[in-house]
Number of protein chains: 2
Amino acid sequence: MSPRSSLAEAARTRSAILARGAAVASVEGLAGLTIGRLAADLGMSKSGLLGPFGSKESLQLQVVEAAADVFWREIWEPVADRPAGLARLAAVCGSWVRYLADPAFPGGCFFVAAASEFDDRPGPVRDLVLGYAERWHRELREQARRAVADGDLPAGTDPEQLVFELTGLVLALHQALRLRHDPDGVSRACRGMARLLGVPVQPTA
Amino acid sequence: MSPRSSLAEAARTRSAILARGAAVASVEGLAGLTIGRLAADLGMSKSGLLGPFGSKESLQLQVVEAAADVFWREIWEPVADRPAGLARLAAVCGSWVRYLADPAFPGGCFFVAAASEFDDRPGPVRDLVLGYAERWHRELREQARRAVADGDLPAGTDPEQLVFELTGLVLALHQALRLRHDPDGVSRACRGMARLLGVPVQPTA
DNA sequence: CACTATAGCGAACGAACGTTCGGCCGCTAT
DNA sequence: ATAGCGGCCGAACGTTCGTTCGCTATAGTG
């Protein structure tokens, strides 16, 4: 668009491509993301868009990374200062629910969609998505583990099981909101989480 | 393949197309299903395959219907003779888990994938998937409602909330099995369901 | 035994896919 | 001032997409 170009402009172009790419992919899917569509959306040529990335797969991988940055910034960082353990776990649950109710991308949570889309398609994209999913899982489990160690959750509580069920509530919320357009999804997810954690969960950071 | 053709053969061809279509779509996605790929898989020509359906969207819709038949037959029918209420609800949960652990399609549960893929894509396919999802949801809720009415679940239990959380456990199981390849997913889902229902849940019809 | 209906094939269509290549043009550095 | 670097474009590539249009060959009907 802008007639000026420079290294700074190039970086901004790259960011715009990735942001738009994540937005489109959250709706159409990461595989349904096409160079031509993306270029048209941004008023660029296909070659100019593909240039900084080299291939579609490379573009996909960097879109996933960009979406992971957004995910982390929107959900984790706002509650990172809460005391480790139950307080932080409850806070991140509330933050997570808020993110699904008011998502950064038009298609809702990017990773819920990407995880389902690539769970059976081997390759670098799946590996990357899986890596982020496991990192997130580990982070939550660590908070759950501390909550149990601190005595804030009943002794004998299995942190892995707790994370499994919390994740399930988030996935159910995603489906309730995006497919069924159920306005009660948020309160149901919060209620389920509160029962698992023994403390209130509210959809805010 | 077979040199003979007849009305009966045509029906069998149609079934083969839909079966293979559902299998491919469970992995590649319903949108990623292509006529050429499907025709090559079945040793047919593209035109011969598209003939009985007329358009790709019509094919997609009939693939969804075929997958719904399989879903219903594999999960609901084996437990339809259980007494309505908690017994049937617990049985269908076990049947549901078994289906996810040993799915009829190579990509796992067709509807988990389709719901996520089309949740943000308006059109007939989304409408059809949503219709089946709501029908399933209603069926489960009815069993939950009866279980409460029968006194088999604590008074004041919200059937809708119960179905929401059961669905969440299934979605978490799908992700654990297909993305994370977690061998403990089945037992975790059953444990969560048993806690919600107050009775054991086992992954068998 | 001819007659009709139809399942499926083969070829072709325009459009869109991802990718490559050469050149323009504005920035940066000498 | 000028040389060079690099972001981006325009055009074209070979492939695959969904779809259409005759055609053949076979199965059921009189």
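All values below were derived from every heavy atom in this structure, side-chain atoms included, with hydrogens, water molecules and symmetry-related copies excluded. Numbered from 1 within each chain, the chains take letters A, B, ... in sequence-line order.
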Under 4.0 angstrom, heavy atoms only, what part of the nucleic acid is B:Leu33 near: base, sugar-phosphate, or nothing?
-> sugar-phosphate
With a 4.0 Å cut-off, would you call B:Asp120 and A:Arg178 a salt bridge?
-> yes
Taking the six-membered ring for Trp, is the centroid-to-centroid distance between A:Trp136 and A:Phe111 below 6.0 Å?
-> no
What is the distance from CE of B:Met44 to P of C:dT6, rounded to the nearest Å?
-> 17 Å
Length of the line joining B:Leu42:CG and C:dG8:P, which is rounded to integer Å = 11 Å
Residue pair B:Val92, B:Gln143: steps toward the side chain to side chain contact (heavy atoms under 4.5 Å, CB included) verdict | CA-CA 10 Å; B:Val92 75; B:Gln143 302 309 315; over 6 Å; no
Pairing of B:Glu165 and A:Arg188 as salt bridge, 4.0 angstrom limit = no
Rounded off to whole Å, could you give me the CZ-to-C1' distance for the A:Arg14 and D:dC8 pair?
-> 16 Å
Taking atom P of C:dG8 as reference, at what distance in whole Å does atom CG of B:Leu38 sit?
-> 13 Å
State whether A:Phe118 and A:Arg121 meet the cation-pi test: NZ (Lys) or CZ (Arg) under 6.0 Å from the six-membered ring centroid, and within 45° of the perpendicular axis.
-> yes
Under 4.5 Å between any side-chain heavy atoms of B:Phe53 and B:Leu18, yes or no?
-> yes
Residues within residues 45-62 of chain A bordering DNA chain D, heavy-atom distance below 4.0 Å = A:Ser45, A:Ser47, A:Gly48
Whole Å only: how far is the CD1 atom of A:Ile35 from the P atom of C:dG18?
-> 5 Å
